[in-house]
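Note on naming: letters A, B, ... go to the chains in the order of the sequence lines (proteins, then strands), and numbering restarts at 1 for each one.
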Amino acid sequence: MEERNKLIQRRIEKLEEFKKQGMKIYRNDFLPDAFSGDLHSAYDDKDGESLVKDNVCVKIAGRVMAYRSFGKAGFMKVKDFTGQIQVYAEKNSLSEEDFKLYKKLDVGDIIGVEGCLFKTKTGELTIKANKIVLLTKSLRPLPEKWHGLQDKELRYRQRYVDLIVNDEVKETMVKRSKIINAIREFMIKNRFVEVETPMMHKLVGGATAKPFVTHHNALDIDLYLRIAPELYLKRLVVGGMERVFEINRNFRNEGMDLKHNPEFTMMEFYVAYKNYLFLLDFTEELFEYVINSIGLDKTNIQFGDNTIDFSRPWKRLDFFEGLKDVGGLDDDVIKDKEKALKLALELGKSVNKDMSLEKILAELFDALVEPKLINPTFVIGYPVAISPLARRDNDNPNITERFELFISGMEVSNGFSELNDPFDQKERFLKQLEDRKKGDEEASMYDADYIRALEYGLPPTAGEGIGIDRVVMLLTNHDSIRDVILFPLMKDRDDEE
RNA sequence: GGGUCGUUAGCUCAGUCGGUAGAGCAGUAGCCUUUUAAGCUAUUGGCCGCAGGUUCGAUUCCUGCACGACCCA
């Protein structure tokens with residue numbers, strides 16, 4: 001593509017011309033003293049006459065987003081991280097060199113402008129330039145000014161261009177930052193300590209998923225990118241850090257779709273001397289705090305075609321009740337593996353007769369119940385067979401003290417009272433090891449050090465993981481996880497220059 | 001993994017019932033000192049995703065591949 005693109009070539013030529021004329025290029029000595037957004041909030045309401053009388057003169061810097069030139073004058077829109085402001089350039093107010101430069105500017109160039117504020121005929125706040133400097137020449141043309149960048153593939157691959165022309169992207173990412181900030185605030189207010197545990201694990205554990213494998217050369221050992229921080233966080237509770245949380249990336253070597261990216265952000269937290277019932281209330285409070293802090297109305301949050309009401313208390317739905325009342329299943333289907341299997345197959349689920357009844361019911365739940373859970377709903381009473389890490393219910397040994405939170409049909413969090421019996425944990429590890437030997441790549445490995453930690457004693461503890469990307473999707477009304485991740489994973493294309 | 005659709009100028013998109021392509025914006029050359037997608041005149045720009053097949057001839061039809069979007073698993 002070296003010389004093929006004339007648009008780029010033309011801009012390089014302009015840069016060469018500037019250099020020849022002795023102009024400094026890629027200079028960094030222009031120091032702005034104002035931001036466009038601040039100027040708008042300070043002076044938009046002021047009338048033009050008194051604005052000129054006050055003689056407000058500023059230095060701003062930013063990218064040229066619009067360029068309208070006529071003969072001996074013209075307008076530009078200059079954009080910085082706070083917004084855009086119009087700049088008026090006329091021959092009489094600029095030095096000859098600066099006006100020449102102005103006439104050669106392209107949309108996309110990064111410039112510094114020194115000038116004084118006034119209002120145009122139409123009342124728009126504008127800077128009348130008395131000095132213009134080129135800070136960075138943009139060599140590539142920006143997308144079309146009206147439609148912007150529409151191609152989703154290009155938007156994800158060249159997010160920098162997407163950010164320049166589609167303001168909505170930056171707004172979403174700023175909101176993401178505010179959401180995470182609010183979560184952090186809430187946790188700290190509740191006396192949790194933020195920690196960072198290893199991202200590179202010697203053993204796979206803490207969830208059911210295939211890991212990414214990497215290699216440490218000096219030690220000559222394989223390491224796994226973590227699929228969950230769970231086992232390390234619980235070690236900290238053993239050590240007396242009774243309230244800990246971590247907001248960080250997990251990595252799972254799985255397919256990608258609207259709701260899955262191989263690396264994704266989770267908040268996991270653990271609190272000693274509480275059980276899963278505490279987590280239900282705590283989660284409601286957490287969401288209320290976050291929603292308030294970003295200025296949304298908790299009773300009316302738009303997500304796609306759904307309007308979601310986050311008012312407390314949220315619905316609590318027993319797993320089996322859900323299958324009956326929401327899924328419309330008869331008792332005999334729930335108790336009869338043959339019938340459940342037949343129905344699951346009819347629904348196109350990939351199930352087989354080697355699966356347990358509970359596993360098949362989970363598939364039915366996924367197909368028939370989850371899509372109907374629009375307002376926040378805690379599903380509780382999960383069977384032991386599909387909850388390998390959760391503590392058994394004190395009254396009913398067949399179910400666990402576990403819940404999952406669904407909003408708009410999407411699993412947002414998963415939590416439970418932790419298993420702190422080292423004997424039971426050891427057995428479950430051994431069972432996983434067997435599965436792994438049989439070829440189950442998602443089974444965990446035997447973590448002897450974790451067993452040792454449990455033998456020192458893990459207090460009764462409740463723990464939960466919240467999918468941050470999905471929370472951001474819900475609160476920014478995006479149905480694709482790629483729209484809330486700045487650089488989603490994309491396959492390589494070999495036609496890149 | 002399966003299905004459907006898409007890939008044409010820097011960008012947004014037309015189009016060719018098979019005869020080597022168009023518009024708008026951007027660019028270039030002019031005119032223009034208050035514009036708001038500025039306007040007016042002229043004009044440059046294409047391996048029509050890649051590879052094969054059918055055909056006198058393929059950007060168009062067929063097959064495969066790559067990448068992407070959506071649906072399903």
Exercise. Return one dot-bracket line describing RNA chain B 5' to 3' (Watson-Crick or G-U wobble pairs, both distances under 3.5 Å; ( ) same strand, [ ] crossing, | another strand, . none).
Key: (((((((..((((.....[..)))).(((((.......))))).....(((((..]....)))))))))))).
Practice problem: Measure up the Phe251(A) and Phe212(A) rings against each other and bin them: parallel (under 30°), tilted (30 to 60°), perpendicular (over 60°). | Solution: perpendicular
Quiz item: In whole Å, what separates the P atom of rC62(B) from that of rG45(B)?
Solution: 32 Å
Quiz item: What is the distance, rounded to the nearest whole Å, between atom CD of Gln150(A) and atom P of rC25(B)?
Solution: 17 Å
Practice problem: Given salt bridge (Lys or Arg N to Asp or Glu O under 4.0 Å), test Asp54(A) with Lys46(A) step by step and report yes or no. | Solution: CA-CA 11 Å; Asp54(A) 288 353; Lys46(A) 206 150 189 179; 2.6 Å; yes
Quiz item: Any salt bridge between Asp331(A) and Lys324(A), counting N to O under 4.0 Å?
Solution: yes
Exercise. Determine the interplanar angle of the Phe406(A) and Phe365(A) rings, folded into 0 to 90°, and report it as parallel if under 30°, tilted if 30 to 60°, perpendicular if over 60°.
Key: tilted
Exercise. With the side chain of Leu258(A) defined as its heavy atoms from C-beta on, choose the nearest nucleotide among rA69(B), rC70(B), rG27(B).
Key: rC70(B)
Quiz item: Syn versus anti for rU36(B), judged by chi lying within 90° of 0?
Solution: anti
Quiz item: rG68(B) and rG46(B): how far apart are their P atoms, nearest whole angstrom?
Solution: 28 Å
Practice problem: Run the salt-bridge test on Lys175(A) and Glu171(A) with the 4.0 Å N-O cut-off and return the result as yes or no. | Solution: no
Quiz prompt | Parallel, tilted or perpendicular, as decided by the 30° and 60° cut-offs, for the rings of Phe310(A) and Trp314(A) | solution = perpendicular
Quiz item: Taking the C1' atom of each, how far is rG1(B) from rG18(B), in whole Å?
Solution: 36 Å
Practice problem: Just call it for Lys119(A): base, sugar-phosphate, or nothing, with non-hydrogen atoms closer than 4.0 Å on any strand. | Solution: nothing
Quiz prompt | Length of the NZ-P vector between Lys152(A) and rC11(B), whole Å | solution = 18 Å
Quiz item: Asn5(A) CG to rU44(B) P: how many Å, rounded?
Solution: 17 Å
Quiz item: Do Glu13(A) and Arg10(A) sit within salt-bridge range, that is, some charged N less than 4.0 Å from a carboxylate O?
Solution: yes
Quiz item: Does Glu124(A) come within less than 4.0 Å of Lys77(A), counting only side-chain N to carboxylate O?
Solution: yes
Quiz prompt | Under 3.5 Å donor-acceptor pair, Asn92(A) side-chain atoms to rU33(B) base atoms | solution = yes
Quiz item: What is the distance from CE of Met490(A) to P of rA66(B), rounded to the nearest Å?
Solution: 16 Å
Self-check item: Atom pair distance, as rounded to whole Å: NE2 in His260(A) and P in rC71(B)
Solution: 14 Å
Quiz item: So does Glu49(A) pair up with Lys53(A), basic N to acidic O under 4.0 Å?
Solution: no
Practice problem: Taking atom C1' in both rU55(B) and rU7(B), compute the distance separating them and give it to the nearest angstrom. | Solution: 25 Å
Practice problem: Have a look at Leu142(A) and say if it touches a base, only the backbone sugar-phosphate, or nothing, with a 4.0 Å heavy-atom cut-off. | Solution: nothing
Quiz item: For Arg155(A), which contact category applies under a 4.0 Å heavy-atom criterion: base, sugar-phosphate, or nothing?
Solution: nothing
Practice problem: Specify the separation, in whole Å, of atom CG of Leu94(A) and atom P of rU33(B). | Solution: 15 Å
Quiz prompt | Distance between C1' atoms of rG22(B) and rU43(B) (Å, rounded) | solution = 16 Å
Quiz item: Can you tell me how far C1' of rC67(B) sits from CG of Leu489(A), to the nearest Å?
Solution: 13 Å
Quiz item: When rounded to the nearest Å, what value does the distance between P atoms of rG15(B) and rA9(B) take?
Solution: 15 Å
Quiz item: Where the side chain of Lys491(A) is defined as all heavy atoms beyond and including C-beta, which of rC11(B), rA73(B), rG68(B) is the nearest nucleotide?
Solution: rG68(B)
Quiz prompt | For atom NZ of Lys349(A) and atom P of rC72(B), their distance in whole Å | solution = 10 Å
Quiz prompt | Among rA26(B), rG68(B), rU28(B), the nucleotide that comes nearest once only the side chain of Leu7(A) is considered | solution = rA26(B)
Quiz item: Which nucleotide in the list rU28(B), rG45(B), rU12(B) gets nearest to the side chain of Asp106(A)?
Solution: rU28(B)
Quiz item: Would you say a side-chain N or O of Arg157(A) is under 4.0 Å from OP1 or OP2 of rC67(B)?
Solution: no
Quiz prompt | Minimum-distance nucleotide (side-chain atoms of Asp257(A) versus rU28(B), rC11(B), rA73(B)) | solution = rA73(B)
Quiz item: Using the C1' atom in both, what is the distance from rC65(B) to rA26(B), to the nearest Å?
Solution: 34 Å
Between the protein and nucleotides 35-38 of chain B, which nitrogen or oxygen pairs are less than 3.5 angstrom apart?
{"from": "rU35(B)", "atom 1": "O2'", "to": "Arg68(A)", "atom 2": "NE", "distance (Å)": "3.2"}
{"from": "rU35(B)", "atom 1": "O2", "to": "Arg68(A)", "atom 2": "NE", "distance (Å)": "2.9"}
{"from": "rU35(B)", "atom 1": "O2", "to": "Arg68(A)", "atom 2": "NH2", "distance (Å)": "3.1"}
{"from": "rU35(B)", "atom 1": "O2", "to": "Gln86(A)", "atom 2": "OE1", "distance (Å)": "3.4"}
{"from": "rU35(B)", "atom 1": "N3", "to": "Gln86(A)", "atom 2": "OE1", "distance (Å)": "2.9"}
{"from": "rU35(B)", "atom 1": "N3", "to": "Gln86(A)", "atom 2": "NE2", "distance (Å)": "3.1"}
{"from": "rU35(B)", "atom 1": "O4", "to": "Gln86(A)", "atom 2": "NE2", "distance (Å)": "2.6"}
{"from": "rU35(B)", "atom 1": "O4", "to": "Thr120(A)", "atom 2": "OG1", "distance (Å)": "3.0"}
{"from": "rU36(B)", "atom 1": "O2", "to": "Lys77(A)", "atom 2": "NZ", "distance (Å)": "3.1"}
{"from": "rU36(B)", "atom 1": "O2", "to": "Glu124(A)", "atom 2": "OE1", "distance (Å)": "3.3"}
{"from": "rU36(B)", "atom 1": "N3", "to": "Glu124(A)", "atom 2": "OE1", "distance (Å)": "2.7"}
{"from": "rU36(B)", "atom 1": "O4", "to": "Thr120(A)", "atom 2": "OG1", "distance (Å)": "3.4"}
{"from": "rU36(B)", "atom 1": "O4", "to": "Thr122(A)", "atom 2": "OG1", "distance (Å)": "2.3"}
{"from": "rA37(B)", "atom 1": "O3'", "to": "Lys145(A)", "atom 2": "NZ", "distance (Å)": "3.3"}
{"from": "rA38(B)", "atom 1": "OP1", "to": "Lys145(A)", "atom 2": "NZ", "distance (Å)": "2.4"}
{"from": "rA38(B)", "atom 1": "OP2", "to": "Arg68(A)", "atom 2": "NH1", "distance (Å)": "2.3"}

Practice problem: Answer yes or no: are there more than 12 heavy-atom neighbours, outside Lys349(A) itself, under 6.0 Å from its atom NZ? | Solution: yes
Practice problem: Return the 5'-most residue of the pair Ala73(A), Ser480(A) with respect to RNA chain B, ranking by each residue's nearest nucleotide. | Solution: Ala73(A)
Practice problem: Please state the C1' separation for the pair rC11(B) and rG3(B) - nearest whole angstrom. | Solution: 31 Å
Exercise. State plainly whether the residues Asp109(A) and Lys14(A) are in salt-bridge range, i.e. N to O under 4.0 Å.
Key: no
Quiz item: Can we say Asp440(A) and Lys438(A) salt-bridge, meaning some charged N sits less than 4.0 Å from an Asp/Glu carboxylate O?
Solution: no
Exercise. Mind checking Gly148(A) for me? I need base, sugar-phosphate or nothing, with any heavy atom below 4.0 Å counting as a touch.
Key: sugar-phosphate
Practice problem: Would you mind classifying the nucleic acid contact of Phe118(A) as base, sugar-phosphate or nothing, using non-hydrogen atoms under 4.0 angstrom? | Solution: base
